[in-house]
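Step one of this worksheet: look at the structure below.
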Amino acid sequence: MPTVKINGQEVVVPDGVNMIEAAAQLGVEIPHYCYHPHLSIAGNCRMCLVDIEAGGRGPDIACNMKARDGLAIRTDTAHVKHAQVGDGVPAGQPPPRLSDL
Amino acid sequence: MEPRILTARWNVPDVHNIDTAMRHGAWRALPMALKRAPADVTNEVKNSGLRGRGGAGFPTGMKWTFVPPVEKRGGKPVYLVCNADESEPGTFKDRYLMWKDPHMFVEGCVISAYATGAERVYIYLRGEFAFIQHRVDAAIAQARAKGFIGKNILGSGANIEVYTHLGAGAYICGEETALLSSLEGGRGQPKLKPPFPAVEGAWRCPTIVNNVETMAAVTWILEHGAAEYRKFGTEKSPGTKLFSCSGHIRKPGVYEVALGYPMTSLIENECGGLYPGRTLKAVIPGGSSVPIMTPEEVSKSTMDYESINTVAGSYLGSGGLIVMDDTTDLVDSLTNLLRFYAHESCGQCTPCREGCGWMFKVLQRVKSGEATDLDLATLKDLADNIFGRTICFFGPSAAMPVQSFLKKFPDEFFGRVHRTGQVSYANIGAAAPAAR
């Protein structure tokens, strides 16, 4: 039963869960697209990128990150908001022209 | 005197045949290595300070120690994979090494397999290297006939087989995990790390992936000793390295120099200098993926892993030196590079699949003269959003040229777009002209 920290809040989670599930316990939603609890980890939508405060190097994807003691992540930084990918569109201003897509 | 370690036998006629090669010193290191314990061989390589020549520059001896000990492997075999994909634009050293002196490289593969406990070596060649595959296969067959490959090599009890495998010519298959996917028979797409290949690689068994040039250097180190190898190069980058020099130079080609050699000397002496009447505009020091360098940075840099990084924030990479003189249109060059990356992205993860194509399209607009400076800000933002956020290093490899071209040559780009006044030098990551 590792203890992890999400946005500064500590939470004890069952062994073997990933950080998307761990965050959900706190009501923190980490956006994801290719992750599904019944499928193997593909890790290719890159939507669930989070910053790592302690216990690793970041940014990294929450779906492939097993909860372990001492791990502390942030999902609310400007960096994470910038990195999050929605509908295959990396956040960015100004966006490419429609005719380009 | 120029060092001749990797290129020592390149000018010997017929040296790709084992009898000629052995008369000139090939296959002497293997019997010496087999008399020592595998851990001892690994230590020798570790002490030599040899760093991987594929691009990342990771210490080779240390990489070998990441293979789990035999009791923790659960009966799984260890594989040694030699990365002969050499797909980085501007790099052509491995093809010469394998073509000119295949025995040095094959011998290195066998020694490395012995050190890491691998019984099988796979040499993964790119599709375009079919002609080299024939030569390497011939070298392997000759070595097998002499008892250097196969069962119970030279009575030591070591069983090592060497195979070649031809890829289909994809850039991404030079990335180690994509190479392993391709070798396994799957699509050449990178895998998530962790687990790292040394723990779980080809067929989920511990796998060491090394570059061709690294293997050849291992042969020399085992014959002459780590201390002798350290006499070349610098403290942190010992030894010699092959540089593939191309671009606007009078003598393009592959040159072997000791690491720590001044970059200006390499361009002026080995490469024969620029064409008459031209001046240097920029240099890409380590294959197309690494950040570009300005002439000022070139004059301060030496060819080793540390100097290029501290002076220019760039990397030695695979040693593919691309020299550009004042006739070069850098907008055109970058567009050309991004055409390549957009084409070669494996399409597995979103930022790279979408972003590389977008960067290419924005660059085409800049090149055509229809863009505004807002497009440059978009370009910078796209590159920043790809860098470090992808499964493998392809994303950063495509982003770094864009970031560095904009940062170091902002006026080339601002001069090609309509100015709205909304985008400053800082917005594209460059210093203002007054500060430069």
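Each chain gets a letter, A, B and so on, in the order the sequences are listed, and its residues count up from 1. Quick note: numbers below take in every heavy atom, side chains included, and nothing from hydrogens, waters or symmetry partners.
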Check against side-chain contact (heavy atoms from CB on, under 4.5 Å), A/I61 and B/R389: CA-CA 9 Å; A/I61 46 174; B/R389 290 167 184 177; over 6 Å; no
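- With B/T350 contributing its side chain and A/C45 its backbone, the two residues share a donor-acceptor pair below 3.5 Å.
- B/G388 and A/P59 make their closest contact through O-CG, 4.1 Å (heavy atoms, listed as atom of the first residue, atom of the second, distance).
- Remark: A/R46 CZ to B/N385 CG distance equals 12.0 Å, nearest 0.5 Å.
- In this structure, SG on B/C352 lies 11.5 Å from CG on A/N44, to the nearest 0.5 angstrom.
- By the neighbour-count criterion of 12 heavy atoms within 6.0 Å, atom NZ of B/K236 is sparsely surrounded, having that number or fewer from other residues, nucleotides or ligands.
- To the nearest 0.5 angstrom, A/C63 atom SG is 7.0 Å from B/L192 atom CG.
- Taking a 6.0 Å sphere around CZ of B/R419, one finds it holds more than 12 heavy atoms contributed by other residues, nucleotides or ligands.
- For the atom pair B/T390 OG1 and A/L49 CG, the distance stands at 9.5 Å (nearest 0.5 Å).
- For A/I41, the parts lying under 4.5 angstrom from a heavy atom of chain B are both the backbone and the side chain.
- By the neighbour-count criterion of 12 heavy atoms within 6.0 Å, atom NZ of B/K193 is densely surrounded, having more than that number from other residues, nucleotides or ligands.
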